[in-house]
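These numbers were taken from a predicted model, which means no experiment stands behind them.
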Amino acid sequence: MRVIIEKDALSVARIAARVVAQLVRARPQCVLGLATGSTPVATYQELIRMNREEGLSFARVTTFNLDEYVGLAPNHPQSYRAFMQRELFDHIDIPHEHTHVPDGRALDLEGSCERYEALIQQLGGIDLQVLGIGSDGHIAFNEPGSSLGSRTRLKSLTGETVRDNARFFGTEADVPKLAITMGVGTILESRKCLLLATGESKSRAIRDTIEGPITAQVTASALQLHRDVVVVLDEAAASRLDRRSYYAEVEQAQRAIEAGNSPS
Ligand code: F6R
C-alpha cells in the first residue's frame, strides 16, 4: 500500500483528483469506480474544476458506483444516483449513459446485481476504484462480517452505518436498512484502488485497515491483498497509525523517484 499523509482534507482531495486525472489523461476511455459519502465530495469538486479549467475531459470515461440504497428512486434526493448527479455528473462532460449506479428499485434485485457485475466485466473491468471508509471499517456497504470474496449483492446495514448516515436523512428511521453493494471481491478486481479518509472519526478504521490483520470484521483490511492501493489520509485520519513516520519517508523517496532524482 502506498500511504500518503496530507495536512488536511483539501490536500487529500487535490492528491486524489490528481490520481484520477492522471488516469483519465493517459486512458481517456477508462472505467472509474466511484464512491458517495462526504469524503470524496472535495475530490469531485477538484475534478469539476479540472474539467472546466484544464480541459480534463470525461467524454469517453465510463463509471460504476459502489452502491445504492434499496427502495430509493433515482430522483430521491438521498439516493446515490441523485448524489452523483449533484456532486459530479451534472457538472462534467460525461454522457449520462456512461454512468452506472446500482438500481435500488429493480423488481428483480438479485438479477440486477448479477447484471451489474456482468456489465463491469463486459466493459473491461474497473481501472481505478475510488473508496471511502466507514467508521466500522467498511468499504462500499460491505459491513463487518461480509465475505472477503463477496460480489455485488444485497446487504443489510449495521446500526453504526445507519447512525452515521442519518445526518443525510434527518432521522435514523428514514435511512434505508438495505443496500445493493459491490462486494469486496468485486472491489479487489479493480486494477487500482484509491482509498480516502479524513477526520479523527476514521482513525481507528484506518489503523485496523493498514496495520491490523486481514479480517472480514474490517472489510477494508482486504485491500492489503491488492497489489496497487493508494491510501490518502489527512493527519487526523492517520493519527492512530504506528508507522506514520515510515510512511512519510517512503513517500518522500517515492516522490523523488517520480521527479527523476535518486532518493538520498
Ligand atoms: C459510499 C460508500 C461508503 C462510504 C463510507 C464513508 O458509496 O461506499 O463505504 O465511503 O460509508 O462515508 P463518508 O465518506 O460519508 O464518511
Enquirer: Could you check whether T161 and E143, counting side-chain N and O atoms only, form a donor-acceptor pair closer than 3.5 Å?
Expert: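 A pair is found: one side chain offers a donor N or O, the other an acceptor, under 3.5 Å apart.
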Enquirer: Mark yes or no: R243 above the aromatic ring of Y246, with NZ or CZ under 6.0 Å from the six-membered ring centre and no more than 45 degrees from the axis.
Expert: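 Pair R243/Y246 counts as cation-pi.
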Enquirer: A side-chain contact here means heavy atoms from C-beta on lying under 4.5 Å apart; do P144 and T158 qualify?
Expert: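 Result yes, sub-4.5 Å side-chain heavy-atom pair found.
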Enquirer: Can you check whether Y116 reaches M182 side chain to side chain, under 4.5 Å on heavy atoms?
Expert: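 Yes, side chains in contact.
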Enquirer: Going from CG on L34 to CG on L194, what distance comes out if it is rounded to the nearest 0.5 angstrom?
Expert: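 Between atom CG of L34 and atom CG of L194 there are 10.5 Å.
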Enquirer: Atom CG of L131 and atom CG of L196: how far apart are they, to the nearest 0.5 Å?
Expert: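 Those atoms lie 8.0 Å apart.
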Enquirer: Taking only residues at least two apart or on different chains, which pairs with a member in residues 85-107 satisfy ring-ring contact (aromatic ring centres under 6.0 Å, His included)?
Expert: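 Found F64-H100.
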Enquirer: If you take all heavy atoms of P176 and L157, which pair is closest and at what distance?
Expert: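 The answer is O-CD1, 3.5 Å.
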Enquirer: Residues two or more places apart in sequence or in another chain: which of them pass side chain to side chain donor-acceptor pair (under 3.5 Å) with R255?
Expert: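 For R255 the side chain to side chain donor-acceptor pair (under 3.5 Å) partners, ignoring immediate neighbours, are E6, E251.
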Enquirer: Would you say M84 ends up clustered with L66 if hydrophobic residues are merged whenever their side chains have heavy atoms under 4.5 Å apart, either directly or through other cluster members?
Expert: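 Each belongs to a different hydrophobic cluster.
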Enquirer: For N142 and S150, which heavy atoms make the closest approach, and how far apart are they?
Expert: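 Scanning both residues completely, I find the closest heavy atoms to be OD1-OG, 3.6 Å.
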Enquirer: With the side chain counted from C-beta on, respond yes when V41 and T43 share a heavy-atom pair under 4.5 Å apart, and no when they do not.
Expert: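 No - every pair of side-chain heavy atoms lies 4.5 Å or more apart.
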Enquirer: Run through the side-chain heavy atoms of Ile, Leu, Val, Met, Phe, Trp and Tyr, join any pair under 4.5 Å, and report what else lands in V70's cluster.
Expert: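 Noted: V70 shares its cluster with L109, L154, L178, I180.
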Enquirer: Taking the side chain as everything from C-beta on, heavy atoms only, tell me whether F83 gets closer than 4.5 Å to L88.
Expert: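 No, their side chains stay 4.5 Å or more apart.
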Enquirer: Could you tabulate the donor-acceptor pairs under 3.5 Å formed by side-chain atoms of residues 228-237, not counting sequence neighbours?
Expert:
unit_1, atom_1, unit_2, atom_2, d
D228, OD1, K192, NZ, 3.3
D234, OD1, G199, N, 3.1
D234, OD1, A236, N, 3.4
D234, OD1, A237, N, 2.9
D234, OD2, G199, N, 3.1

Enquirer: Can you tell me which residue pairs pass the side chain to side chain donor-acceptor pair (under 3.5 Å) test with a partner in residues 50-62, sequence neighbours excluded?
Expert: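 Counting only pairs at least two positions apart or across chains, the side chain to side chain donor-acceptor pair (under 3.5 Å) contacts touching residues 50-62 are R49-E53, R49-E54, N51-D93, S57-D93.
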Enquirer: Is the side chain of R244 donor-acceptor paired with the backbone N or O of S239 at a distance under 3.5 Å, no angle test?
Expert: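 Pair found, side chain donor or acceptor close to backbone of S239.
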Enquirer: Hey, does E68 have a side-chain heavy atom less than 4.5 Å from the side chain of D103?
Expert: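 Side chain of D103 against side chain of E68, heavy atoms only: no contact under 4.5 Å found.
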Enquirer: With side chains defined as the heavy atoms from C-beta onward, is the minimum distance between E189 and H226 less than 4.5 Å?
Expert: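 E189 vs H226: side chains apart.
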Enquirer: So, does E211 use its side chain to make a donor-acceptor pair with the main chain of L241 at under 3.5 Å?
Expert: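 No, because the side chain of E211 does not come within donor-acceptor range (under 3.5 Å) of the backbone of L241.
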Enquirer: Using only atom types and a distance under 3.5 Å, with no angle test, would you say the side chain of S221 pairs donor to acceptor with the backbone of T209?
Expert: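 Absent.
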Enquirer: Would the distance check show the side chain of T181 and the main-chain N or O of G183 forming a donor-acceptor pair, the cut-off being under 3.5 Å?
Expert: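 Judged by distance alone, no pair lies under 3.5 Å.
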Enquirer: I'd like to know whether D164 forms a side-chain hydrogen bond (donor to acceptor under 3.5 Å, both in side chains) with S135, so could you lay out the CA-CA distance, the side-chain angles of the two residues, the decisive distance to 0.1 Å, and finally the verdict.
Expert: CA-CA 8 Å; D164 281 351; S135 55; 2.7 Å; yes
Enquirer: Output the distance between atom CZ (R81) and atom CG (N75), rounded to the nearest 0.5 Å.
Expert: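 If I round to the nearest 0.5 Å, the distance is 11.5 Å.
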Enquirer: Answer yes or no: is there a side-chain heavy-atom contact under 4.5 Å between S203 and I206?
Expert: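 Counting from C-beta outward, S203 and I206 never come under 4.5 Å.
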Enquirer: Go through the structure and list residues passing salt bridge (charged side-chain N to carboxylate O under 4.0 Å, His left out) with R153, not counting sequence neighbours.
Expert: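 Expected list: none.
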Enquirer: Under the ring-ring contact (aromatic ring centres under 6.0 Å, His included) definition, can you give me all pairs with a residue in residues 159-206, not counting sequence neighbours?
Expert: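 Every pair satisfying ring-ring contact (aromatic ring centres under 6.0 Å, His included) with a residue in residues 159-206: Y69-F169.
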Enquirer: Ignoring hydrogens and angles, tell me if any N or O in the side chain of E46 forms a donor-acceptor pair with the backbone of A13 under 3.5 Å.
Expert: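 Side chain of E46 to backbone of A13, a donor-acceptor pair under 3.5 Å: no, none is there.
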Enquirer: To check you understand the geometry: which heavy-atom pair defines the closest contact between S146 and A216, and what is its length?
Expert: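 Reported closest heavy-atom pair: O-CB, 3.4 Å.
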Enquirer: Show your reasoning for whether salt bridge (Lys or Arg N to Asp or Glu O under 4.0 Å) applies to E110 and R115.
Expert: CA-CA 9 Å; E110 283 180 7; R115 286 192 295 280; over 6 Å; no
Enquirer: Under the rule for salt bridge (charged side-chain N to carboxylate O under 4.0 Å, His left out), what residues qualify as partners of E114, not counting sequence neighbours?
Expert: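 With sequence neighbours excluded, E114 shows a salt bridge (charged side-chain N to carboxylate O under 4.0 Å, His left out) to no residue whatsoever.
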Enquirer: What distance do E117 atom CD and Q122 atom CD have between them, rounded to the nearest 0.5 Å?
Expert: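 It comes to 13.0 Å.
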Enquirer: Give me the atom names and distance for the closest heavy-atom approach of L47 to A21.
Expert: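 Looking at all heavy atoms of both residues, the shortest contact is CD2-N, 4.4 Å.
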Enquirer: Applying salt bridge (charged side-chain N to carboxylate O under 4.0 Å, His left out), name anything that partners R240, two or more places apart in sequence or on another chain.
Expert: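 Salt bridge (charged side-chain N to carboxylate O under 4.0 Å, His left out) list for R240, sorted by chain: E200.
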Enquirer: Apply salt bridge (charged side-chain N to carboxylate O under 4.0 Å, His left out) to E258 and list each qualifying residue two or more places apart in sequence or on a separate chain.
Expert: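 Partners of E258 by the salt bridge (charged side-chain N to carboxylate O under 4.0 Å, His left out) criterion, ordered by chain and then number, come out as R2.
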Enquirer: At what distance, to the nearest 0.5 angstrom, does CG of D136 lie from OG1 of T219?
Expert: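 The CG atom of D136 sits 7.5 Å away from the OG1 atom of T219.
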Enquirer: Of all the heavy-atom pairs spanning A222 and L188, show the shortest one and how long it is.
Expert: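 Between these two residues, the closest heavy atoms are O-CD2, 3.6 Å.
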Enquirer: Does R167 have any side chain to side chain donor-acceptor pair (under 3.5 Å) partners at least two apart in sequence or in another chain, and if so, which?
Expert: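 Residues passing side chain to side chain donor-acceptor pair (under 3.5 Å) with R167: S38.
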Enquirer: Not counting sequence neighbours, list each pair that qualifies as a ring-ring contact (aromatic ring centres under 6.0 Å, His included) and has a residue in residues 9-55.
Expert: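 Residue pairs passing ring-ring contact (aromatic ring centres under 6.0 Å, His included), neighbours aside: none found.
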Enquirer: Measure across Q129 and I187 and return the closest heavy-atom pair with its distance rounded to 0.1 Å.
Expert: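 In terms of heavy atoms, the two residues are closest at CG-CG2, 4.3 Å.
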Enquirer: When rounded to the nearest 0.5 angstrom, what is the spacing between OG1 in T36 and CG in N165?
Expert: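 T36 atom OG1 to N165 atom CG measures 8.0 Å (nearest 0.5 Å).
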Enquirer: Does S79 use its side chain to pair, donor to acceptor, with the backbone of A82 at less than 3.5 Å?
Expert: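 Such a contact is found between S79 side chain and A82 backbone.
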Enquirer: So, D127 side chain and V31 main chain: donor-acceptor pair closer than 3.5 Å or not?
Expert: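 Side chain of D127 to backbone of V31: a pair is present.
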